[in-house]
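Single-structure report; data block below.
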Amino acid sequence: MVRRQRTESGRLALDLRSQPKDPREPDECREAAILRKFLSSVGRCRPRLVGYNSQGSDLAILVQRAIVNGIRAERFCSRPEKPWEGTDYFARTTDWHVDLMSVVSPYGNAAPSLNQIATLSGIPGKLGFDGGDIAQAWLDGKLERIVKYNEHDALTTYLVWLRTAHLAGHVSDAEYRDEQQQLRALSEIRFPCSEFCVLIIR
């Protein structure tokens with residue numbers, strides 16, 4: 001997850017956070033532990049969530065797996081009586097959960113995949129590993145590879161969101177360039193020698 005917040009000086013700061021933090025630690029890698037930490041963190045902090053096909057896929061999978069694992073996440077699941085009175089991640093029209101796929105393709109008509117819209121925008125897409133490889137990687141115990149894949153996906157989604165926000169005028173030209181530079185710096189730490197490190201700033 002890419003976290004975006006303003007510092008005390010008013011400057012935007014970006015941070016990349018992952019679960020599990022240490023893929024070599026067995027207790028952290030249990031599905032229930034990962035879900036519990038993520039859902040409790042979101043429920044506590046109430047951030048604005050942004051994803052790609054997250055309304056139709058990611059959110060539903062999180063809820064399904066939380067049910068299967070018997071997890072209690074009442075703060076994450078809480079909904080206001082009236083949509084404008086508080087955070088609601090489940091409403092179809094909410095600013096608290098932005099599904100970029102519904103923004104670029106409102107009714108699912110000719111919806112591009114995240115990889116397609118990213119690569120067409122000059123953003124590195126999948127780097128030799130995609131969602132179809134996750135299940136086998138999990139069974140093979142390649143958890144570090146899954147974490148890297150998810151981090152890469154988070155950076156890709158963030159860059160697509162940043163372009164969308166810039167298009168709508170929510171991000172100034174200067175902020176747009178600054179955040180791309182920050183994402184490049186993050187990628188140099190997490191993905192040394194990858195295409196992300198030579199991201200073309202547009």
Side-chain angles (χ1 to χ4, degrees), residues 1-23 34 37-38 41-42 45-55 57-59 62 89 95-105 111-131 133-134 137 142-202:
M1 169 171 51
V2 177
R3 188 177 69 162
R4 179 183 192 256
Q5 63 183 16
R6 289 198 179 275
T7 63
E8 289 181 6
S9 65
R11 188 171 184 271
L12 284 170
L14 303 179
D15 185 23
L16 183 61
R17 297 190 168 199
S18 302
Q19 284 295 336
K21 289 182 180 177
D22 185 355
I34 294 169
K37 285 181 183 178
F38 177 77
S41 176
V42 172
C45 301
R46 311 302 275 177
R48 183 165 281 113
L49 299 179
V50 178
Y52 199 90
N53 194 25
S54 50
Q55 190 69 255
S57 180
D58 302 272
L59 185 63
L62 282 170
Y89 294 124
D95 288 338
W96 289 101
H97 177 198
V98 179
D99 185 342
L100 291 169
M101 180 182 268
S102 68
V103 173
V104 300
S105 181
S113 67
L114 175 61
N115 185 54
Q116 288 169 329
I117 196 151
T119 53
L120 287 170
S121 303
I123 299 165
K126 306 296 183 186
L127 300 178
F129 190 87
D130 64 35
D133 300 319
I134 295 286
K142 297 179 179 177
L143 303 184
E144 290 182 66
R145 186 67 187 92
I146 295 172
V147 169
K148 288 296 181 191
Y149 165 79
N150 287 332
E151 289 178 342
H152 180 270
D153 228 36
L155 291 173
T156 299
T157 302
Y158 190 87
L159 283 166
V160 171
W161 170 83
L162 183 60
R163 284 188 176 231
T164 308
H166 183 252
L167 167 72
H170 299 305
V171 176
S172 71
D173 290 345
E175 288 174 326
Y176 180 61
R177 287 190 297 272
D178 180 56
E179 288 192 52
Q180 287 186 89
Q181 294 286 5
Q182 288 190 56
L183 259 293
R184 178 185 280 176
L186 274 176
S187 70
E188 286 173 352
I189 296 168
R190 299 298 177 104
F191 301 97
C193 303
S194 82
E195 292 177 48
F196 252 102
C197 298
V198 291
L199 177 68
I200 298 172
I201 307 299
R202 294 185 181 185

Just by distance, do the side chain of Gln182 and the backbone of Leu14 share a donor-acceptor pair under 3.5 Å? yes
Quick one: pull up CG in Leu162 and OG in Ser121 and give me the separation to the nearest 0.5 Å. 11.0 Å
Report yes or no: does Thr164 contribute a side-chain atom to a donor-acceptor pair with the main-chain N or O of Val160 at less than 3.5 Å? yes
For Val2 versus Ala154, what's the shortest heavy-atom pair and its separation? CG2-O, 3.8 Å
Is there a side-chain contact between Leu155 and Ser187, using heavy atoms and a 4.5 Å cut-off? yes
How many angstroms lie between CG in Leu167 and OH in Tyr176, if you round to the nearest 0.5 Å? 9.5 Å
Any idea how Trp96 and Tyr89 line up, ring-wise: parallel (<30°), tilted (30 to 60°), or perpendicular (>60°)? perpendicular
Can you check whether Leu159 reaches Glu179 side chain to side chain, under 4.5 Å on heavy atoms? no
Which residues satisfy the side chain to side chain donor-acceptor pair (under 3.5 Å) test with Tyr52, sequence neighbours excluded? none
Atom of Pro124, atom of Ala118 and distance for their closest heavy-atom approach: O-CB, 4.4 Å
The criterion is salt bridge (charged side-chain N to carboxylate O under 4.0 Å, His left out); which residues satisfy it with Asp22, sequence neighbours excluded? Arg24
Does any pair with a residue in residues 150-160 pass salt bridge (Lys or Arg N to Asp or Glu O under 4.0 Å), and if so which ones, sequence neighbours excluded? Lys126-Asp153, Lys148-Glu151, Glu151-Arg190
Test salt bridge (charged side-chain N to carboxylate O under 4.0 Å, His left out) applied to Lys142 - qualifying residues, sequence neighbours left out: none
Residue set satisfying side chain to side chain contact (heavy atoms under 4.5 Å, CB included) with Gln55, at least two apart, ordered chain then number -> Leu59, Arg92, His97, Asp99
Output all residues satisfying salt bridge (charged side-chain N to carboxylate O under 4.0 Å, His left out) with Asp178, sequence neighbours left out; order by chain, then residue number. Arg11
Of all residues at least two apart in sequence or in a different chain, which pass the side chain to side chain contact (heavy atoms under 4.5 Å, CB included) check with Ser113? Asn115, Gln116
Excluding sequence neighbours, so at least two apart, what forms side chain to side chain donor-acceptor pair (under 3.5 Å) with Arg145? none
d(Asp58 CG, Thr157 OG1) to nearest 0.5 Å is 8.5 Å
Taking only residues two or more places apart in sequence, or in another chain, which ones meet Arg48 in a side chain to side chain donor-acceptor pair (under 3.5 Å)? none
Restricting to non-hydrogen atoms, name the atom on Pro112 and the atom on Ser105 that form the minimum distance, rounded to 0.1 Å. CD-CB, 4.4 Å
Can you sort out the partners of Val50 under side chain to side chain contact (heavy atoms under 4.5 Å, CB included), two or more places apart, ordered by chain and number? Val98, Leu100, Trp161
Where do Gln19 and Ile34 come nearest, in terms of heavy atoms and distance? CB-CG2, 3.9 Å
My understanding is that only residues two or more places apart in sequence, or in another chain, count here; which of them pass side chain to side chain contact (heavy atoms under 4.5 Å, CB included) with Asn150? Ile146
Holding to salt bridge (charged side-chain N to carboxylate O under 4.0 Å, His left out), I want the full list of residues that pass it with Glu175, two or more places apart in sequence or in another chain. Arg6
What pair of heavy atoms forms the shortest contact from Ser172 to His166, and how long is it? O-CD2, 3.9 Å
